Every structure is written in structure tokens, then in C-alpha cells.
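The block underneath contains the structure these notes are about, expressed in C-alpha cells.
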Amino acid sequence: MPKRPVLTCTLIALCCLVFLISPASGFLPVHGTGASLHRAQAEWFQQWGVLPRTLWDRAALRPLLTPLTALFLHADWLHLLGNVLFLYVFGGPVEMRMGPVRFALCYLTVGYIAMLCYAAAHHHSGQTLVGASGAVSGMLGAFLYLYPKARVTSLFPFLLFLPLRFPAWLVLVFWLTLQWIATRQDGDGPGVAYLAHVVGFTLGFLYAWLRFRTATVGTPAPATQGESPP
């Protein structure tokens, strides 16, 4: 097994690089400013993001690749930082347990299917879907199965953002419950794709269970810290 989560760090680097060179960051002057920048951003997301109403067009195969490309796109800095933080915190230990090949397979497959499920549930939507949230949620699900006895340090708004340590299973099940409740408010417009989170988490847990159900699980992971779920 690897001594460091090299693939996790590589995925984080790719997400950051893609964001920095994209119009979404507003970092490169070549994309313009004001209205020109907004147009460039819209075109970027429509070209590489998931557009549900075109995904099921049988006459075009290219849209079926967008659930993969969309995993490396992010709408803004906060969207990017939230995903890469939790990818590192939870994805690192999962990669160390799975190994880079199985980790990559889990990450990409779970992320792709989570995107597809959201697009199927909102098949008339003209709003593009981007972000690694579905895949990252899959890493949370896998972490829950592989490290059920680990403890995580979390900050909760309703607890005045005090850093408190809880069992990982309690934090992650609580987060999943919130995502499931929020799916009732999932709309076709801009917002958070809660359904992709729920699907990703479930698939990640099932992948880890199927792969490691005959192995001994529950070895505590190193102390894990985070601010809030992705």
C-alpha cells in the first residue's frame, strides 16, 4: 500500500489547476471582465459540465463524457475549497486502505453515477451541473465503512463553531440525513445537488462493503479534522 495518498493529492491538484485556468476563477485576464467574463463562464460550464436535458440525446455521444469532465469543474472558490478539503481529509485514508487503483475506480465510478442519477431526476433542466461533490461524498461513505471507529473534529454552526470531536459514524450519518432531507428541496435551478451527494455516499459505502466485507475493518484512522460536510 502507498505511504502517502498520492492519487488524492493528484486529484486535488487537477481540480485546482482546472479551476485556476477556467473562466470560473476570474484569474486569467484572457477571459475578460464583466459581461464578457460571465459569457465565458456560461460557455465553459455548458461545454464541460453536465446539462441534463441534452445528456439523454441518443444522437450525440459527447454529452455522456461530461459526467467525468464535470468532476473537475467548480463554480467558485468556496465550491472548490469545500470539495478539496473533504477529499483530502476523507479521501486520503480511503486511498491508503484501498490502494490507488481501486480508489481511482471508486472515485470516478461513483462520481459518474451520482451525476447521472441527478441528471435523470432533473432531465428537463437546462442548468449545468459541475463539481466533485458526488465523488467526494462517495469517499465519505467509504470512510464510514472502512473506519467506523475513527473520531473526527468538526465545527457545527448551531454549536457556535466550537471544535468538538465526535465518532465518525455519528457525524457522517447526521450529514447524510441532512442531505436526504434537503433532496426534497432539490430544484432544476442553481443550487446544491443534494441528490448527487446521497447517491455518491451510498455508492461509496456499498463499494467499500463489497470490496472489504471479508476483511477486518474498524482500524482507527489518524485524527481527522474538518469544518463542515461538502
Side-chain angles (χ1 to χ4, degrees), residues 7-27 38 40-55 63-91 94 103-104 106-123 125-143 172 175-176 178-180 182-183 185-204 226-230:
L7 185 56
T8 299
C9 294
T10 300
L11 288 171
I12 290 173
L14 283 173
C15 286
C16 292
L17 177 61
V18 170
F19 180 78
L20 287 174
I21 65 174
S22 76
S25 68
F27 186 72
H38 290 156
Q41 291 172 345
E43 292 172 358
W44 173 263
F45 290 137
Q46 290 204 3
Q47 181 177 7
W48 301 109
V50 176
L51 190 59
R53 69 184 182 191
T54 65
L55 189 61
L64 292 176
L65 296 177
T66 57
L68 285 179
T69 58
L71 292 178
F72 299 92
L73 307 184
H74 291 85
D76 52 43
W77 288 94
L78 185 61
H79 189 201
L80 171 71
L81 293 176
N83 276 335
V84 299
L85 170 64
F86 280 87
L87 176 56
Y88 181 77
V89 169
F90 292 98
V94 171
F103 176 82
C106 179
Y107 183 87
L108 295 176
T109 302
V110 165
Y112 187 94
I113 296 176
M115 290 277 193
L116 283 185
C117 289
Y118 182 88
H122 302 82
H123 58 279
S125 175
Q127 180 67 34
T128 52
L129 175 65
V130 298
S133 298
V136 174
S137 297
M139 299 306 98
L140 270 64
F143 184 93
L172 294 176
W175 175 81
L176 180 62
L178 293 181
Q179 304 304 300
W180 174 254
T183 57
Q185 283 79 48
D186 256 352
D188 291 342
V192 180
Y194 295 107
L195 179 60
H197 296 176
V198 173
V199 172
F201 186 98
T202 304
L203 291 176
E227 294 180 348
S228 63

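Treat the numbers as computed from the prediction; the structure is a model and nothing was measured.
When all heavy atoms of Val84 and Ile12 are compared, the closest pair comes out as O-CD1, 3.7 Å. The nearest pair of heavy atoms linking Gly49 to Ala70 is CA-CB, 4.0 Å. Heavy-atom minimum distance, Thr183 versus Val198: CG2-CG2, 3.9 Å. The two atoms that bring Phe103 and Leu87 nearest to each other are CZ-CD1, 4.4 Å, heavy atoms only. Closest of all the heavy-atom pairs between Ala135 and Val110 is CA-CG1, 4.4 Å. Val50 and Ala119 make their closest contact through CG1-CB, 4.1 Å (heavy atoms, listed as atom of the first residue, atom of the second, distance).
Atom CH2 of Trp180 has 12 or fewer heavy atoms from other residues, nucleotides or ligands within 6.0 Å.
Taking the six-membered ring for Trp and the full ring otherwise, the centers of Phe201 and Trp175 sit less than 6.0 Å from each other. A ring-centre distance under 6.0 Å is found for Phe19 and Trp77.
In this structure, Phe72 CZ and Leu11 CG are separated by 5.5 Å, a value rounded to the nearest 0.5 Å. To the nearest 0.5 angstrom, Thr128 atom OG1 is 12.0 Å from Gln47 atom CD. Atom SG of Cys16 and atom CD1 of Ile21 lie 12.0 Å apart (nearest 0.5 Å). Atom CD in Gln46 sits 11.5 Å away from atom OG1 in Thr66 (nearest 0.5 Å). Atoms OG and CD, from Ser133 and Gln179 in turn, are 9.0 Å apart once rounded to the nearest 0.5 Å. Interatomic distance, CG of Leu65 versus CH2 of Trp48, reported as 9.0 Å (0.5 Å rounding).
Inter-residue side-chain proximity for Cys15 and His74 is flagged as met; some heavy-atom pair is nearer than 4.5 Å. Using a 4.5 Å cut-off on side-chain heavy atoms (C-beta onward), Ile113 and Leu203 make contact. Here the side chains of Leu71 and Met115 are in contact, with some heavy-atom distance below 4.5 Å. The shortest side-chain heavy-atom distance between Leu140 and Val94 does not fall under the 4.5 Å cut-off. In this structure, the side chains of Leu73 and Trp44 come closer than 4.5 Å at one or more pairs of heavy atoms. Counting heavy atoms from C-beta outward, Thr202 and Ser137 have side chains that stay 4.5 Å or more apart. Using a 4.5 Å heavy-atom threshold, the side chains of Glu43 and Pro23 count as separate.
Checking side-chain atoms of Ser25 against main-chain N and O of Ser22 turns up a donor-acceptor pair under 3.5 Å. Side chain of Ser125 to main chain of His122: no donor-acceptor pair is present (N/O by atom type, distance under 3.5 Å, no hydrogens or angles). Remark: the backbone N or O of Ala120 is paired with a side-chain donor or acceptor of His123 at under 3.5 angstrom.
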Working for side chain to side chain contact (heavy atoms under 4.5 Å, CB included), residues Tyr88 and Cys9: CA-CA 7 Å; Tyr88 181 77; Cys9 294; 4.2 Å; yes
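In this pair, His197 and Tyr194 present their aromatic rings perpendicular. The plane angle is above 60°, beyond the 30 to 60° band.
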